[in-house]
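I have placed the structure first, in the form of C-alpha cells, so that the comments after it can refer back to it.
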2 protein chains.
Amino acid sequence: MSSPGEHWISYTNDLLAGSGLRKSAARTHVIELLGAQHCALSAQEIEHHLGTDGHRVGRASIYRTLEMLVARGLIKRIDMGRAEASFEATMPDGHHHHHMVCSQCGNVAAFDDPQLEAAIDAVAERLSATVNDHDVLLRGICGTCAAS
Amino acid sequence: MSSPGEHWISYTNDLLAGSGLRKSAARTHVIELLGAQHCALSAQEIEHHLGTDGHRVGRASIYRTLEMLVARGLIKRIDMGRAEASFEATMPDGHHHHHMVCSQCGNVAAFDDPQLEAAIDAVAERLSATVNDHDVLLRGICGTCAAS
DNA sequence: GAGTCTAATGAGAATGAGTCCCATTAGCTG
DNA sequence: CAGCTAATGGGACTCATTCTCATTAGACTC
Ligand SMILES: [Mn+2]
Ligand SMILES: [Mn+2]
Ligand SMILES: [Zn+2]
Ligand SMILES: [Zn+2]
C-alpha cells in the first residue's frame with residue numbers, strides 16, 4: 001500500500017535525483033517528514049519533529065530545503081496568519097486543499113471543494129491575466145469552540 | 001463629493017468618538033492616510049508616507065492604531081506573501097476586494113468578483129462551521145510582465 | 001581505497017518586522 | 001488651572017528567517 005504521501009516522496013526524490021543535487025541526510029529527512037504529513041508544517045515544527053525522531057537537522061538546512069522545494073513547486077508555502085509560515089507537499093496532479101482557521105482556538109481544518117476551485121478558475125478567466133496559483137483561507141469558529 | 005474613503009474616515013471617527021478614546025494626532029493621521037487609500041498599505045509604508053507628509057508618527061503608535069482598528073473590524077490585515085503585512089479599510093457594508101500578486105514583479109492588483117464571493121458563501125454553507133471572514137490571493141503574471 | 005573538488009551542513013551571527021517598556025506629553029474633566 | 005491617566009515615541013527586545021563561514025561528506029577519477 002502506497003499512500004499519496006509516499007507517492008510524493010518518491011516523485012520528489014526522483015525529480016531531485018536528476019538535478020545535479022547530491023544526496024544528503026538532512027534533505028532526505030525533511031522530505032520524508034513532509035511526505036508523511038496530511039497538512040502543513042512550519043519550519044519550527046519540522047525542526048522539533050526531526051529532533052524527536054532522532055534525526056536532528058540544522059535550522060539553516062531546513063530552511064534551505066524548504067526554499068529549494070518551493071522553487072521547484074514541490075511544496076507550497078502557506079500563510080495562516082500566524083507568525084511563522086507553514087509548508088505542505090503539492091501533489092503532482094494539482095490536487096490540493098485549503099484551510100479554515102478557528103479565530104478562537106487557532107485550530108486548523110483542511111477542506112477540499114471542487115466547486116470553489118471551479119469558481120476560482122472562472123475568476124482567472126474573467127480577469128485577463130495568467131493566474132497560476134491561489135490561496136484561500138477561511139476564518140471562523142470551529143465545531144469545538146461553537147459548543148461552549 | 002465624498003469618496004468611499006472619506007465615508008470610511010467619518011464612520012471610523014464617529015465610532016471611535018463614542019468609545020472612551022481620547023482624540024490624538026497620531027491616530028488621526030493614520031486613519032486619514034488609510035482612508036485616502038484604495039488598496040492596502042504596510043506599517044512601513046504608513047510610517048514613510050506620514051513622514052513625507054510632515055506628520056511623523058512613532059512606529060509604536062502606528063502599530064497600536066492598526067491593532068486597535070483590526071480589533072474593531074475597521075481595517076483588515078492582509079498577508080500577501082511579503083515579509084510585512086498590509087492593512088486596508090473595511091467598508092461598513094461589507095464590500096471588499098481581493099488581490100492578485102505578480103510573481104515576477106511583485107505588483108499587486110485588486111479585483112472584485114461577486115461570483116467568487118457567492119462561491120465562498122456556498123463553501124461556508126457546505127462546511128458546517130461558522131465562517132466569518134476569508135482571504136483570497138491569486139498569484140500569476142501581470143499584463144506588464146506578460147508583454148516582455 | 002585514496003585524492004580531489006565542491007555541494008551541503010550546521011553553529012551561531014545578523015537582519016528585520018513587530019512588540020514591549022517607560023519616561024514624557026497632552027486630552028479631558030472639574 | 002490642577003489632576004488624572006490615555007496616548008505617544010524612542011529605543012530595547014523578541015523571534016522567525018537569512019546569512020556567514022569553517023567543517024563535513026557525496027561523487028567522480030585514478
Ligand atoms: Mn484551490
Ligand atoms: Mn471576498
Ligand atoms: Zn476552535
Ligand atoms: Zn508583473
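So that the names make sense, note that chain A is the first sequence line, chain B the second, and so on, each numbered from 1.
Contacts of A:A25 with the nucleic acid, taken as non-hydrogen atoms under 4.0 Å apart, are absent. If you check every strand for non-hydrogen atoms under 4.0 Å, A:R27 touches sugar and phosphate atoms only.
Across the protein-nucleic acid pair, B:F87 atom CZ and C:dA17 atom C1' stand 10 Å apart, rounded to whole Å. The separation between A:E67 atom CD and C:dA7 atom P is 16 Å, rounded to whole Å. Rounded to a whole Å, the NZ atom of B:K23 is 15 Å from the C1' atom of C:dT29. Here the C1' atom of nucleotide C:dA17 and the CD atom of B:E47 are 11 Å apart, to the nearest Å. One can place CZ of A:R22 at 11 Å from C1' of C:dT4, the figure rounded to the nearest angstrom. Protein atom CD of B:Q44 is 13 Å distant from nucleotide atom P of C:dT19, rounded to whole Å. What separates CD of B:E84 from P of C:dG16 is a distance of 12 Å, to the nearest Å. For the pair A:Y63 OH and C:dA14 C1', the interatomic distance rounds to 15 Å; values are reported in whole Å.
In the set C:dG10, C:dG18, C:dT9, the nucleotide with an atom closest to the side chain of A:A60 is C:dG10. Here the side chain of A:V57 is nearest to one of C:dG18, C:dG10, C:dG27, namely C:dG10.
To the nearest 0.5 angstrom, A:I31 atom CD1 is 8.0 Å from A:S24 atom OG. Remark: B:S61 OG to B:I46 CD1 distance equals 12.5 Å, nearest 0.5 Å.
Ring centroid separation for the pair B:H134 and B:H96 comes in under the 6.0 Å cut-off. The aromatic ring centres of B:H55 and B:H49 sit 6.0 Å or more apart.
First and last contacting nucleotides of DNA chain D toward chain A (any atom under 4.0 angstrom from a heavy atom, 5' to 3' order): D:dA16 to D:dA27.
Panel note: side chain B:H29, backbone B:A25; a donor-acceptor pair is recorded below 3.5 Å.
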Stepwise side chain to side chain contact (heavy atoms under 4.5 Å, CB included) test for B:L127 and A:L138: CA-CA 11 Å; B:L127 308 171; A:L138 304 185; 3.8 Å; yes
Steps toward side chain to side chain contact (heavy atoms under 4.5 Å, CB included) verdict (A:I120, B:L116): CA-CA 7 Å; A:I120 290 172; B:L116 175 61; 4.0 Å; yes
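If A:S24 and B:S42 are placed on DNA chain C by their nearest nucleotide, the residue sitting closer to the 5' end is A:S24.
For C:dG10, its base sits under 3.5 Å from the side chain of A:R64 at one donor and acceptor pair at least.
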